[in-house]
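Data first, discussion second: the structure below is written as structure tokens.
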Amino acid sequence: MTFGKGHHLHLIDGSAYIFRAYHALPPLTRKSDGLPVGAVAGFCNILWNELSRSNGSNGDKAATHLAVVFDHSSRTFRNAIYSDYKANRPEPPEDLRPQFPLTREATRAFNVACLETEGFEADDIIATLARRAVAAGGSCTIISSDKDLMQLVGPGIDMFDPMKSRTIGPDEVIEKFGVPPDRVIDVQSLAGDSVDNVPGAPGIGLKTAALLIQEYGDLDTLLARAGEIRQPKRRDTLIENADRIRISRELVTLQDDTPVDATLEDLEIRLPEADKVMEFLAKMEFRTLTKRVADKLGIAPPSLPETSQLQVTPREEETQSNEEPLPFDHASYVRIRDSATLDRWIARIREVGHVAVDTETTSLDEMQAALVGISLAVDPGQAAYIPLGHTTGGGDLFGATALAPDQLPLADVLAALKPVLEDPAVLKIGQNMKYDWKIFARNGIRITPFDDTMLMSYAMQAGLNGHGMDELADRYLGHQCIPIKSLLGSGKSQITFDKVALDDAVKYAAEDADVTLRLWQLFKPQLHRAGVTTVYETLERPLVPVLAEMEMAGIKVDREVLRGMSNVFAQKLVQLEEEIQSIAGEPFNVGSPKQLGEILFDRMQVPGGERGKTGAYGTGADVLEDVTTLEDSHPQGARLAARVLDWRQIAKLKSTYTDALQQAINPDTGRVHTCYSIAGANTGRLASTDPNLQNIPVRTEEGRRIREAFVAPAGRVLVSLDYSQIELRILAHIADIPELRRAFEEGIDIHALTASEMFNVPLDQMTPEIRRKAKAINFGVIYGISGFGLARNLRIPRAEAQGFIDRYFERFPGIRTYMSDTVKFAQSNGHVQTLFGRKIHTSEINAKGPGAGFAKRAAINAPIQGTAADVIRRAMIRMPAAIAGLDAKMLLQVHDELLFEVAETDVPRLIPVAKEVMESAARPAVALKVHLAVEAGQGPTWAAAH
DNA sequence: GTTATCACG
DNA sequence: GACGTACGTGATAACA
């Protein structure tokens with residue numbers, strides 16, 4: 001029968017649907033082997049719904065014809081127009097990939113036409129068939145919610161969103177784009193699309209684009225009359241970018257004459273062949289659907305074994321009751337000592353598609369560590385260790401060591417593993433993968449793709465517990481890992497892993513891989529349920545290679561500068577020490593707070609000494625500063641306190657910085673390589689260790705000079721880019737404070753503005769003193785302000801501080817609302833979250849006692865600090881691609897600052913590019929109501945760049 | 001190993 | 001009504 005009037009074609013956007021089903025549905029796996037089939041299940045369901053509805057043929061829009069349309073591959077004719085089209089599409093998740101071929105198989109099993117055309121997107125085929133259907137006198141419904149298809153909506157064509165069960169007609173399109181369907185292309189060409197990487201006009205979003213099209217009617221008219229636009233910025237953008245906009249139009253316009261090797265008549269709905277569809281559904285182990293389909297077809301469902309069913313990986317409590325966990329058996333671990341065995345393991349890894357990997361080395365410092373062995377696990381309880389660099393116990397007369405016998409050559413093993421470790425189809429699983437990533441990178445292997453159980457735990461549990469392997473194994477697997485100390489010993493007699501006896505090494509190392517694999521199996525489905533898949537996949541995991549590269553790059557430190565400073569400090573310390581002891585009248589250890597407190601408050605009888613909970617006097621800088629003000633009543637005490645403060649400052653600079661940093665210079669690279677912990681801080685901030693390069697002095701002139709030792713090599717420069725007031729900007733957005741937002745938009749000094757609002761002082765009469773108070777309050781707010789805390793910070797009476805806070809809340813009531821809403825949210829949910837969905841647990845929030853106060857303030861601070869942390873993470877993740885063409889390296893992150901080392905000639909190109917990445921980092925996930933501003937500095941040293 | 005102190009954002 | 005408070009980190013030296 002010829003397709004025509006009365007016929008209704010349904011076109012399912014298969015590729016788009018798989019992604020949506022994957023993200024929207026719980027992660028189902030096939031029980032017999034754990035194959036992920038969640039998206040396939042969702043897909044089969046809508047397919048079957050389509051078929052069964054059409055046969056009931058009661059609905060007005062019931063389909064008479066049906067097809068599923070897929071993208072053939074990621075490269076299409078659009079890449080010829082614009083090579084970067086869809087270039088920043090992330091790789092599909094690992095457990096989705098095997099489901100692509102299965103959905104095509106499902107389509108054929110249901111006897112539904114399965115269409116794809118090389119070089120074209122599914123959208124083009126859909127456009128072609130929809131237009132043909134209307135031309136033939138029939139109608140068409142597109143089963144998709146993709147906005148790119150909305151340009152097709154019109155007489156005879158509508159859309160249906162299967163996830164939301166809602167029809168999309170011209171009204172819904174206007175709601176989305178602000179223009180009717182026939183102008184959607186114009187709006188998309190202007191606004192561009194960051195997901196598909198359609199350029200559009202910079203600075204013009206959906207709103208502005210719609211406004212312009214509404215005013216000028218269509219894109220060609222708009223471009224022709226661009227000169228008439230009143231706003232100078234928009235006018236220039238449109239004139240300058242006319243070509244980009246025209247290219248964008250070519251990209252977003254769907255092609256409705258795509259070659260399709262099927263006629264409309266071919267798409268007529270037929271019932272599936274019973275045996276074919278049953279075979280497929282049984283293979284997938286979809287029990288419910290198998291039964292539904294069998295009922296409808298009037299046949300008996302094939303019997304599925306009881307154990308065989310879809311399973312949403314059970315909750316923890318069910319795991320314990322339902323399934324006996326496989327015990328850990330160290331004896332079953334394999335030591336790989338010949339290439340045939342290694343090849344069998346590699347084959348098994350490829351069969352399964354994933355492998356837990358762990359490395360053993362001679363050092364925790366990846367830049368110094370030599371690879372000693374590699375462990376692998378593919379199935380729980382089945383793990384292997386490949387010793388590579390173990391040495392013989394004794395060593396000869398000269399302490400030299402020889403390689404232990406019976407080990408595969410390192411180079412051979414790496415060569416055999418490299419294809420697997422770099423294979424995009426094999427998922428590598430690690431615990432703290434950044435470590436192993438660096439070890440392998442130094443051996444010429446770049447691990448991809450990978451999962452990291454430490455980061456999964458962090459995404460789900462930040463604030464509840466630590467994320468180290470031993471703790472996770474104990475908590476989730478009820479297993480106590482072999483302590484590394486039992487192999488290496490501790491203290492002076494500690495040995496390195498290459499000296500560990502092979503039998504012990506196998507047990508320890510293979511256990512690590514086994515534990516990691518089991519944790520991964522447990523965490524993978526939980527991630528989705530906890531609602532943190534996106535956080536994990538966009539903010540945690542992609543950071544690993546970025547940080548690894550930064551750490552490996554290191555920063556050049558001039559040892560001579562530090563040595564010189566250390567010498568000067570040493571002399572000063574001797575002088576100060578003598579002076580202090582002469583004031584005190586007896587020798588004592590100036591570095592001992594206990595002795596100092598006793599001298600000051602007991603022997604010298606300085607008033608105001610307070611003992612802490614350990615019984616010792618407090619002698620912190622704030623206490624000593626108070627003592628220095630007693631010049632009149634107790635001049636000796638005041639002098640002593642002042643000298644001790646000087647001594648402390650210099651002792652700190654010497655021991656923590658000028659001495660320690662010299663030690664930290666890597667002898668091979670001449671540079672300092674810090675290590676960032678991704679899962680260290682609960683809020684999402686990074687932490688820097690070994691050494692900590694996030695607390696290099698800057699606030700005092702003396703301290704800042706240490707930054708002169710951080711240098712760029714000849715011909716290169718250090719460039720520092722830092723977010724200006726990022727936390728206050730985020731507060732202005734989250735709490736939605738119009739005055740603050742406006743101040744940031746207009747570039748007004750935010751602390752001065754706060755002062756002006758609070759103390760009724762006009763901006764042009766602002767004094768530094770009033771501004772200082774307002775600044776303290778602004779920071780206090782971010783920290784969960786209290787009268788006591790502010791009073792102490794400003795050294796004013798508590799009542800006065802409370803008065804300031806009251807006035808502040810009166811002036812900015814939104815802040816108080818934010819604070820109380822946040823605390824309430826934490827109390828009922830046990831966590832707070834950032835704008836990007838990062839969850840930070842607040843386990844003490846409902847405790848009584850002083851703990852609750854801490855928890856409340858932490859809860860108020862966490863979304864602000866955490867959102868800022870997310871923003872710079874996003875910037876860092878995008879940075880390598882953005883600066884790829886430049887001779888520039890990102891070296892350090894200091895919470896709101898990124899430090900780069902750049903070839904002199906590339907500085908003018910780096911700054912605008914990196915700045916743009918940072919300023920736009922929140923988008924498109926979050927549209928901040930306050931823009932982010934980034935300030936740049938450059939110079940031969942970090943001191944000069946800041 | 002814990003405590004006090006102080007460096008950073 | 002009293003309690004004890006600014007948020008988040010890491011390194012060092014002293015001391016138990």
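Protein chains get the first letters and strands the later ones, always in sequence-line order, with residue 1 at the start of each.
- F900(A) is linked by a ring pair (Phe, Tyr, Trp, His ring centres under 6.0 Å) to nothing, counting only residues two or more places apart in sequence or in another chain.
- A heavy-atom distance below 4.0 Å to DNA chain B is reached by these residues of residues 645-667 of chain A, ordered by number: R648(A), Q649(A), K652(A), Y657(A).
- Against DNA chain C, the stretch residues 614-628 of chain A makes no heavy-atom approach under 4.0 Å.
- DNA chain C lies under 4.0 Å from no heavy atom of any residue of residues 565-576 of chain A.
- For residues 827-855 of chain A, the set of pairs meeting the ring pair (Phe, Tyr, Trp, His ring centres under 6.0 Å) definition, not counting sequence neighbours, comprises F825(A)-H831(A), H831(A)-H841(A).
- Remark: A774(A) pairs with T754(A), A755(A) by the side chain to side chain contact (heavy atoms under 4.5 Å, CB included) rule, at least two apart or across chains.
- The side chain to side chain contact (heavy atoms under 4.5 Å, CB included) check on S493(A) picks up nothing, with sequence neighbours excluded.
- By the side chain to side chain contact (heavy atoms under 4.5 Å, CB included) test, E757(A) pairs with E739(A), L753(A), R811(A), F812(A), sequence neighbours left out.
- Pairing analysis of DNA chain C (Watson-Crick: purine N1 to pyrimidine N3 plus N6-O4 or O6-N4; G-U wobble: N1-O2 and O6-N3; both under 3.5 Å) yields stems of 3 or more pairs at B:1-9 with C:7-15.
- Taking the salt bridge (charged side-chain N to carboxylate O under 4.0 Å, His left out) definition, one finds that R563(A) meets it with E560(A), sequence neighbours left out.
- Here A621(A) pairs with E625(A), L645(A) under the side chain to side chain contact (heavy atoms under 4.5 Å, CB included) rule; sequence neighbours left out.
- Contact check of residues 815-830 of chain A against DNA chain B (heavy atom, cut-off under 4.0 Å) returns no residues at all.
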